[in-house]
Every structure is written in structure tokens, then in C-alpha cells.
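Contents: one structure, followed by commentary.
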Amino acid sequence: MAAPPPAKRARLDTADLPTPSMAVESPAGITEPDVGITQYLGAHAGFRGVLKQRYTDFLVNEILPSGEILHVKHVPVQAPPQSLSPKKEQSKKDEEMAEFVPDEDAEGQVKIILGEECILALRGVVKSGGSYESSKAFDDKDERGKIHQLIRVAYKGKIESKTTSEYSFKFTKFAASNSTTRRRDNRGKNQALANLDPVVAENMGSRESFTHFTIHKENKESMDACHIIAKFLRMKPKSVTIAGTKDRRGVTVQRASIAHTPVERLVSLNKAFRDIILSDFRYERERIKLGELRGNEFVITIRDVQPATGESDVESVVNEGLTSLIKSGFINYFGMQRFGTHSVPTHEIGINLLQKRYKEAAQLLLSVQPLVVPESIAAREQYARDPGNINAAMKLMPRYCTAEVSILRGLERSPQDWLGAIMQIPRNLRVMYVHAYQSFVWNTVVSERIAKFGLAVLEGDLVLDDAEKIATHEDAEDEFEEDVMDASGFVKARPITAEEVRAGQFTIFDVVMPSPGFDVEYPARPELRESYERIMAKDGLSPYKMRHNVKEFSLSGAYRHVLAMPGNIEWWCRRYADPLQQMVRTDLDILRVREETGVEPARVLDQEEILIGDKLAVVLKLRIGPSQYATMALREVMKLETSRRGDMFDVKLFGTRDGKLVEAATSTTGKEAVSVLDMRGVEQQATGGA
């Protein structure tokens with residue numbers, strides 16, 4: 001039998017807090033068993049450590065479809081624009097106005113018709129702007145047309161004349177014509193192009209419909225970064241496309257694309273950003289689509305590593321766990337981040353949507369919960385007290401609580417239209433809820449399969465049938481986390497025959513399980529089909545009835561491999577004293593060192609570069625597929641539960657370690673956070689692949 005979950009869960013290590021007599025309780029949140037994550041493969045001992053103490057402890061570099069690991073190659077340097085000073089600019093305008101001479105004959109005719117007072121006023125409009133309305137009115141349309149023509153000729157297009165409702169004339173200084181604006185814009189574009197970094201200019205290629213570029217971001221969600229870029233360009237958020245989302249808390253590098261945007265505009269954005277850098281621009285004919293990547297390379301620093309039990313040689317424990325990962329891989333669970341960080345997990349919202357219980361789904365999202373963004377608590381309490389006063393709750397709800405704000409706006413317009421309120425939530429977010437339910441079912445069924453049958457290949461298990469390609473897939477264009485898109489979703493699956501089992505034609509790494517949907521094949525083995533039926537029946541749903549009257553809640557399903565095998569695994573052990581010691585170099589750090597010394601530095605710092613102390617850090621590098629979770633690989637190695645309740649604390653908690661004050665946790669709104677992952681008490685045996 002595979003190993004059950006550890007006795008201990010991830011927690012804040014309160015023993016190190018400044019006032020040990022005060023217990024610190026984490027708010028109630030979901031745990032791994034709540035979302036079907038219960039099994040392990042290896043029999044090795046676990047160890048515990050601290051993840052993501054600094055966001056540089058989690059580096060993610062996209063693997064391109066070509067197999068190349070994406071790195072920042074060149075950060076553009078923009079020359080300052082060569083513009084006139086304000087005084088010189090005004091002087092230039094004054095010179096132009098001093099040289100202006102009206103057409104004498106035409107102005108003379110205007111004087112006869114409208115009077116000398118009007119002429120003086122019109123010359124003032126040309127020089128200083130403003131407006132002037134004539135005192136005379138003209139009922140005859142032809143006469144008014146003649147005056148309009150005279151004004152254009154007399155003042156050479158610098159004054160615009162309009163007829164008022166009383167048939168008099170209103171005169172204003174004429175705005176620049178479209179052609180003039182275009183000429184000015186072109187001068188600005190040419191100037192920006194002339195100022196463009198020569199390395200950028202050399203590599204961007206000929207102008208095409210789309211501009212591809214690399215996003216280097218720190219401590220920011222991928223979609224947030226895309227929205228910020230679009231906002232600065234005054235474009236819609238969906239204008240910026242990426243192949244897959246990356247972790248918020250980390251330093252990540254990925255490609256993106258945008259339509260009809262010159263490189264020089266994108267380069268100029270770097271001046272406005274703090275945690276985002278755009279680089280390595282190139283014009284291309286096609287946009288980047290969701291799923292167009294081979295995976296991600298992770299470089300993860302685990303700090304304060306200690307054995308789960310009393311072993312003295314912690315490095316041997318680490319080596320044993322990582323060697324097991326190389327040999328056996330890990331269960332390809334959907335990770336905890338799939339199910340949200342609130343007390344109400346995303347898949348429970350999904351259940352209500354699939355059951356067409358829209359009121360219940362909306363109220364769950366707005367409910368008072370032990371674990372939510374702290375700044376939203378007042379709004380939730382207000383709604384609970386007086387659900388009829390939507391405006392009061394709206395005023396208190398933070399704008400970045402997207403789903404909650406969207407629902408309140410919908411209810412403000414139509415108080416009883418619960419489906420309409422749900423549909424106000426951005427599509428990628430509301431689809432996330434039903435996909436999370438699919439993920440919950442998949443996790444639970446896979447855990448039952450491994451618990452009952454281990455890692456043996458069974459008659460009736462499913463494998464992909466590459467001969468039957470699907471042209472399209474309903475979920476393929478969801479603007480949603482990359483793990484929706486297991487590449488196997490584009491092919492059909494078939495059951496393994498008894499003859500194939502006897503011949504050993506397949507291994508457990510070939511076996512796939514479907515997420516429930518109307519367009520998937522379920523395992524032929526009765527016990528596995530029964531798992532789907534029983535799990536979903538508890539929620540009033542059926543794996544065979546996944547169509548829905550709301551199109552985006554109709555789920556076609558997809559196939560996902562039961563096990564995953566990471567590639568290119570390497571690790572380093574480093575002894576350190578300073579709890580904030582950086583162990584790795586980001587892409588920008590490497591570029592900086594290369595420019596300063598001409599030498600290519602290593603990603604991981606040598607031990608000689610680190611002040612040695614009694615603490616141990618492990619730096620792990622590995623590559624995994626686009627729909628796989630690095631946290632699930634770490635879970636297998638460390639024998640941990642990855643629920644991270646400490647991330648939701650309203651205020652920062654500090655503890656002392658070795659006489660130094662270190663941050664223990666913080667709220668989700670910001671800054672440094674620490675997850676202390678406690679792996680004690682894992683002594684169970686595992687079978688198959690260990």
C-alpha cells in the first residue's frame with residue numbers, strides 16, 4: 001500500500017516566537033485531504049524546511065516549445081529623448097505666431113460682414129486660443145456657408161467656425177488636423193526609434209502583426225503583470241497573451257505577445273515599472289497561445305532544513321529523498337494553489353455552479369470566513385448584516401477582490417439575478433471554479449486508485465491513443481491557469497487490454513485518468529468507474545452528465561497522467577548563518593555580473609560566497625511539464641503537507657532564531673512570507689516505485 005499522509009501539517013513554528021507563552025492559531029483553511037491529496041510513492045524519511053522565505057527562493061524560467069530554457073538576454077537601455085525645454089518650446093510657438101499673417105482680402109470681407117470687433121477677437125483666438133461668439137445672426141444658410149469659407153481662407157485653417165442654435169457663429173482655435181497629428185506622431189516615433197537600444201533594434205526583426213517579448217517579474221501574478229502592461233498601453237487586458245501562468249511569490253521569466261504595438265512603446269514602459277522588466281523583443285506573425293510551452297524550470301531554495309526524525313546526517317536524508325524523486329517521480333496531483341487560499345475552497349464554489357445553485361455560489365463568495373483577505377472582512381460583515389444594502393458593502397470591499405466586487409456590482413443592478421451576478425465575474429475566474437471541481441475529483445480518484453492497487457498497470461486502465469487526434473478542445477482557449485491544459489487533452493484515450501498487461505507493454509507513467517467531462521472515456525475497470533460515480537454523487541452530480549445550460553460550465557474533460565517524472569534534477573547543500581542570505585542569482589543578477597566582470601557566474605552561489613553557519617539550505621533545480629506542480633514534487637521529496645495557512649495572517653509575525661529577528665508570516669496583500677513545513681512523524685512504508 002502507498003504511504004498515507006503525514007501526521008503533521010504545514011504550520012507556523014510558534015516555538016520561536018518572541019512570546020512563547022502565547023499560542024498562535026492559524027485560521028481554519030483547507031488541507032490536502034480536503035482536496036483528495038493523500039498518497040506518497042517513496043518510503044524514504046521526510047525532512048522539513050522553510051519555503052519562499054524570500055521571493056528569490058523560487059525562480060521559474062519557462063521552457064519554450066523548442067526546448068530552450070528562457071532567460072533574460074538583454075535589458076534595454078533607452079536614451080533620454082531629445083526634446084526642447086519648456087522655455088524653448090514656448091519661444092518656438094511665439095515665433096510661429098509672430099510670423100502669422102492673415103489673408104488680407106478675405107479678412108477684409110470678414111470685417112465688412114462681422115465688424116472690426118470680431119476681427120480683433122479672431123486674431124486673439126489665433127494667438128492665444130480660447131473662443132469667441134459673434135453678436136450677429138444669419139438666417140440664410142448660403143450666407144452662413146460663405147462666412148465659414150471666408151474664415152478658413154482668412155485665417156489659413158487656424159480657426160474653426162461653427163453655427164450656433166441661434167444662427168450666430170462660435171469661433172475656436174482649430175485643433176491639429178489628423179494629418180498634422182500623424183506627422184507629429186511620426187516625428188515622435190522616429191525620435192523614439194532613434195533612441196532605441198541598438199541591441200534591441202538589431203534583434204527585433206521586420207515589423208509584423210505581433211510583438212513577442214520576455215516578462216521578468218518579481219512577487220507578482222502573471223495575469224496581474226499582463227493587466228498592468230495593458231493598462232499602461234491603454235489596451236484591454238486580454239491584448240497581452242502568455243503561454244501559462246507563473247507563481248506570484250517568486251522571480252519568474254516567461255514570453256508574452258501583444259498585437260499592433262511597436263517595440264519602442266514596450267521598451268518605454270520599463271521606466272514606469274518597479275517589479276516588471278520587459279526585454280528581448282521580436283516581431284512575429286502569430287500571437288502566443290495558452291499552452292505553447294514545454295514546461296518550466298524551477299530553482300527552489302529550501303531553508304533551515306532539518307530531518308523529520310532524529311537522524312543526525314540531514315544531508316543523507318535529503319540525498320535519499322531526491323534520489324527517490326529521480327527514480328520514482330511523483331503523483332501528478334493538482335496542487336493546493338488550485339483550490340484557493342480562503343476557508344471556502346474554489347471547488348465548493350464550482351459544485352454550486354454545476355448544480356445551478358447560483359445564489360449559494362454568490363453568497364459563499366461573499367460570506368464571512370475565518371480565512372480571507374483581511375481587508376475584505378468589513379465588507380463581508382456588512383453584507384451579512386444587511387444583504388439588501390449592496391452599496392454599503394461595495395464601498396467597503398477592496399477593488400482587488402475581483403469576484404466579490406463583480407458579484408456586488410451585478411446585484412446592485414439586479415438584486416435577484418444571481419446568475420447575472422455570477423456572470424459579472426471575469427470569465428477566466430468563474431471558469432476556474434468549475435475546473436477546480438474537476439481537479440478535486442481527479443485527485444480523489446487517483447488517490448483511491450493508488451491506495452487500492454499501488455502502481456501496478458491494470459486491465460482497463462487508460463492510455464493515450466495518439467492515432468485519434470482532436471482538432472479542437474473546448475477548454476483550450478480558457479484564459480486560465482496553465483494546468484487546465486494538460487497536453488493530453490487533445491487526444492483520445494483507450495483502455496489497456498489484458499494481453500497488453502501480460503506483455504508489460506505499458507508502465508504506470510503511461511496511464512492517464514480523466515477529469516470528469518462529456519467528451520472523455522472513463523476507465524473500464526469497474527472499481528475506478530465506481531470511484532467517479534460515488535465521489536460525484538455526494539455532490540449531487542454525475543460523471544456522465546457534464547453538459548450545462550451555461551456553455552462555459554459544460555465541461556468536456558481532459559486526460560492527465562497519473563505520475564510525473566521531473567527532468568534534469570540537480571541539488572546543492574549550503575551551510576549559512578544569515579537567515580536572509582540569498583543562495584541563488586536571478587537572471588538580472590547574472591546579467592549584472594556578466595556586464596561588470598565579463599565572466600558568466602553560476603546560478604547557485606558557491607559555498608565560498610556564503611558565510612558558513614549551523615543552518616542548512618538545499619537548492620533544488622528541476623524541470624516539469626506545463627500542467628504539473630513543483631509543490632507536489634517537493635511534497636513527495638519532503639513528505640510534507642503543502643497547506644500554507646500562515647500566508648493569510650493579517651499582520652506580520654516575527655520570531656527569533658539564533659538571536660536574530662526573522663519574519664514568520666504576513667498577509668496575502670504583500671510582502672515576505674514564510675511557510676514552515678513540518679514533516680515529523682512520517683514512518684509509513686510505501687510500495688511500487690519506491
Side-chain angles (χ1 to χ4, degrees), residues 78-196 207 209 230-236 239 259-265 268-269 271-272:
Q78 188 176 31
Q82 299 175 356
S83 59
L84 295 172
S85 67
K87 288 184 178 180
K88 290 184 177 179
E89 187 73 29
Q90 186 60 47
S91 175
K92 183 178 179 182
K93 290 180 179 178
D94 291 343
E95 289 176 6
E96 290 177 355
M97 291 312 305
E99 295 172 358
F100 175 75
V101 178
D103 183 281
E104 188 176 347
D105 292 340
E107 190 183 45
Q109 295 183 54
V110 172
K111 182 178 179 180
I112 293 170
I113 299 171
L114 297 177
E116 186 171 355
E117 179 185 342
C118 182
I119 296 299
L120 295 175
L122 291 176
R123 289 181 179 179
V125 169
V126 172
K127 182 177 181 180
S128 305
S131 64
Y132 171 75
E133 189 168 335
S134 67
S135 56
K136 293 184 179 180
F138 300 86
D139 295 331
D140 185 83
K141 184 177 180 181
D142 291 338
E143 189 175 7
R144 292 198 304 270
K146 178 182 176 183
I147 295 171
H148 284 306
Q149 180 64 26
L150 283 172
I151 293 293
R152 280 194 292 272
V153 174
Y155 300 100
K156 302 178 180 178
K158 292 186 178 293
I159 289 182
E160 182 177 19
S161 57
K162 290 184 178 180
T163 305
T164 69
S165 57
E166 289 80 23
Y167 300 114
S168 61
F169 291 94
K170 184 175 183 178
F171 303 103
T172 56
K173 189 169 183 179
F174 197 78
S177 66
N178 289 338
S179 60
T180 303
T181 303
R182 282 196 296 270
R183 285 196 298 271
R184 289 177 180 172
D185 287 347
N186 287 336
R187 284 198 297 270
K189 290 177 182 178
N190 292 337
Q191 185 65 55
L193 202 55
N195 293 333
L196 197 61
R207 185 70 181 266
S209 299
K231 180 180 179 181
F232 271 83
L233 295 171
R234 297 182 181 179
M235 301 173 76
K236 294 181 179 179
S239 302
H260 311 300
T261 305
V263 165
E264 52 269 27
R265 282 193 72 193
S268 68
L269 296 183
K271 296 182 295 183

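Numbering of residues begins at 1 and proceeds along the displayed sequence.
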* Can you name the ring-ring contact (aromatic ring centres under 6.0 Å, His included) partners of Tyr132, sequence neighbours left out? -> none
Going by atom type alone, with no hydrogens or angles, which donor-acceptor pairs under 3.5 Å involve a side-chain atom of residues 143-151 and a protein atom two or more places apart or on another chain?
| residue | atom | partner | partner atom | Å |
| --- | --- | --- | --- | --- |
| Arg144 | NH1 | Phe138 | O | 2.9 |
| Arg144 | NH1 | Asp139 | O | 3.0 |
| His148 | ND1 | Ser161 | OG | 2.6 |
| His148 | NE2 | Thr163 | OG1 | 3.0 |
| Gln149 | OE1 | Arg152 | NH2 | 2.9 |

* What closest approach, in Å, do Asp142 and Asp140 show between heavy atoms, and which atom pair accounts for it? -> N-OD2, 3.1 Å
Please table the atom pairs, donor to acceptor, closer than 3.5 Å between any side-chain atom in residues 111-118 and protein atoms at least two apart or in another chain.
none

* **Whether Lys158 side chain and Pro102 backbone form a donor-acceptor pair below 3.5 Å** => no
* Can you check whether Ile159's main-chain N or O pairs, donor with acceptor, with Lys173's side chain at less than 3.5 Å? -> no
* Quick one: CG on Leu122 to CD on Glu107, what's the gap to the nearest 0.5 Å? -> 8.0 Å
* **Residues in side chain to side chain donor-acceptor pair (under 3.5 Å) contact with Thr164, at least two apart in sequence or another chain** => Ser168
* To do: Look at the side chain of Ser134 and the backbone N and O of Phe169, then say whether any donor-acceptor pair between them is shorter than 3.5 Å.
  => yes
* With sequence neighbours left out, what residues match Arg234 under side-chain contact (heavy atoms from CB on, under 4.5 Å)? -> none
